[in-house]
Every structure is written in structure tokens, then in C-alpha cells.
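To start, the structure under review is shown below, and the notes come after it.
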Amino acid sequence: MCGRVSLGDLTTDNLREYFVLDQVAPIPNSFNVAPSQLLPVVRQLGRSRVLHLLLWGLVPHWAKDREIARHTFNARIETLTRKPSFRAPFKAQRCIVTASGFYEWQKQEEQKQPFYVHRPSRQPLALAGLWDAWLDKESGNLIESCTIVTTKATGAMADIHQRMPAILDPELFAAWLDPRFGDTHRLQDLLESNTPELEMFPVSGYVSNAHNDGDRCLRPLETASHR
DNA sequence: CCAGACGTTGTT
DNA sequence: GTCTGG
DNA sequence: CCAGACGTTGTT
DNA sequence: GTCTGG
């Protein structure tokens, strides 16, 4: 899961402030983002260089084409150290995917009910991410791409879905972004044991079509209990 | 050694 | 690039 | 993740 | 059913 995130009212400036400097990719011209689209990402680099593209769906540097990205938009935290696509990025190419919230679909009898999930404080979410760079030999472009780490759902999220994105609290930002921080097991443990406070409410199925964008996606759904 | 995979969700 | 399976 | 397509010949 | 696009 974690197949769509909301950028809501995030701006490059308020993210820079929230994360304290670091490098923030430009906010794409889209309110809600789905796999294969551009994502804003915070990360630290050894030296500055040009960003070409930053796609959601990690394409490893050794990939022959970008087809694999279809299956790498999420990375299970339980197996990060074993999967060839994620092993090296987990060691030294960690990033933070910024979002105001994310969408999750709850399977009901005959349908899937989307929910919007966010911090009660409405502060931005820092989703644990990994990135890599891939040279597209067809176009000559350097394609930078990323994935969102998932973990077992906790708290109220567990009523909606089995999995959820791994969420970083501010005290973990520095270590997560530092490619020289080598205690990856500690990072794994901290993420897996984190039980972030999250709020959620049902939204219209309008959000389920990736063509639909804008704040209509996160408008609360009218329910019987409101009558 | 070489060839081939390299992934998640969810569903059965 | 690196690991697994044959 | 979900939604939507799923095809050819030939023409511009 | 399975693949592609967002």
C-alpha cells in the first residue's frame, strides 16, 4: 500500500523550514501524486548535482529499462537488506518523501473505501524513502527515482489496511538522511516500532482515479452518522 | 561456470 | 551490480 | 495503489 | 486475465 500521497498545501519553503535546510526537490504541479509521477523528496547529497527527474517507483542503476518501477513504488521494511533493488539504496541512498497525508483503501464487501490519513496536528509527514539514479540510454537522461518504505499497520490504521508507509519522527531525520550512518538495523527497528499518531476519514471514490486531482480528493465523505 | 532475476499490493 | 539457481 | 485498456490498416 | 498509465 501507499499508492497515492497528498501534497496538500505543502510548499518548498515550508518544507525547508520544517526539515531545517536539506535539499528539497521542487513541489510538482500536482496536488495528489500516484506511482510513476514526480514526488518531492528531501535528502542529503555529498555534493550538489543536477536533478533531472525524480519519479515514484525506484529504478535501480543496473536496470535495463524502467519497467521494474511498476513493482518498486513500495519497499517492505522487513526485507530491505535482502532485496537487490533496495539493499544498496538502504545503506546509503535514503531520503524522505514529504506529504501532507496519504490515501489508503479499505476493502469492504463490494467496494474499496478510500481514506485520507494525516497527522492530527496537520504537520507534514516524513515518509521513509530510498532513491537511486538510472541512466536512460535512449534519451541520455539521468532518471532519479524513489520508493516509499512500508511497514505493518499500527493503531487505527490496522482497521483499514495491513500495511502503511514507514513514518519518520523529526529526531530521526538526521540519521536517516546521513549516508554515513551505518546502523541500518537500528533504523529498521526504530521504524518498525514507531506508532505514529494518525487521524483518518473516509473520502469520495473520486480520488481513486489518478486522473482526478485537487482538494476535492480529500473532502470528507458524507456518511450516515452525519445525518 | 553462466543465465536470469532483481518487486509490491493483495488474493487464492 | 549482485545474488540465486541450475 | 486503482482505473482503464485490451486492435489493425493506413493516413496525415 | 493482465498489462499500462497515472
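What you are looking at is a predicted structure, and each value in this text was computed from that prediction instead of being measured. Proteins get letters first, then strands, A, B, ... in listed order; numbering begins at 1 in each.
Using atom C1' as the reference point in both dC3(E) and dT8(B), the two lie 16 Å apart (nearest Å). Separation of the P atoms belonging to dG5(E) and dG7(D) is 12 Å when rounded to the nearest angstrom. The gap from the P atom of dG1(E) to that of dT9(D) amounts to 29 Å, rounded to the nearest Å. Straight-line distance between the P atoms of dT11(B) and dA3(D): roughly 13 Å, to the nearest whole Å.
In this structure, Trp62(A) packs face-to-face on the six-membered ring of dC6(B), meeting both the 5.5 Å centre cutoff and the 30° plane limit.
In this structure, Leu58(A) atom CG and dG1(C) atom C1' are separated by 14 Å, rounded to whole Å.
Here Phe86(A) lies in heavy-atom contact (under 4.0 Å) with sugar-phosphate atoms only. Counting any heavy atom pair closer than 4.0 Å across all strands shown, Ala75(A) reaches sugar-phosphate atoms only and no base atom. Ser36(A) comes within 4.0 angstrom of a base, heavy atoms only. Residue Thr150(A) is classed as a sugar-phosphate contact, given heavy-atom separations below 4.0 Å to backbone atoms only. Nucleic acid contact class of Arg70(A) (heavy atoms, under 4.0 Å, all strands): base.
Under the 30°/60° scheme for interplanar angles, the aromatic rings of Tyr103(A) and Trp105(A) are found to be tilted.
A salt bridge links Asp169(A) with Arg119(A): the distance from a Lys NZ or Arg NE/NH1/NH2 to an Asp or Glu carboxylate oxygen falls below 4.0 Å.
Stems are defined here as 3 or more consecutive Watson-Crick or G-U wobble pairs with pairing distances under 3.5 Å; those involving DNA chain D are D:1-6 with E:1-6.
Side-chain atoms of Trp56(A) come within 3.5 Å of backbone N or O of Phe73(A) as a donor-acceptor pair. Under a 3.5 Å cut-off, the side chain of Gln93(A) and the backbone N or O of Trp131(A) do form a donor-acceptor pair.
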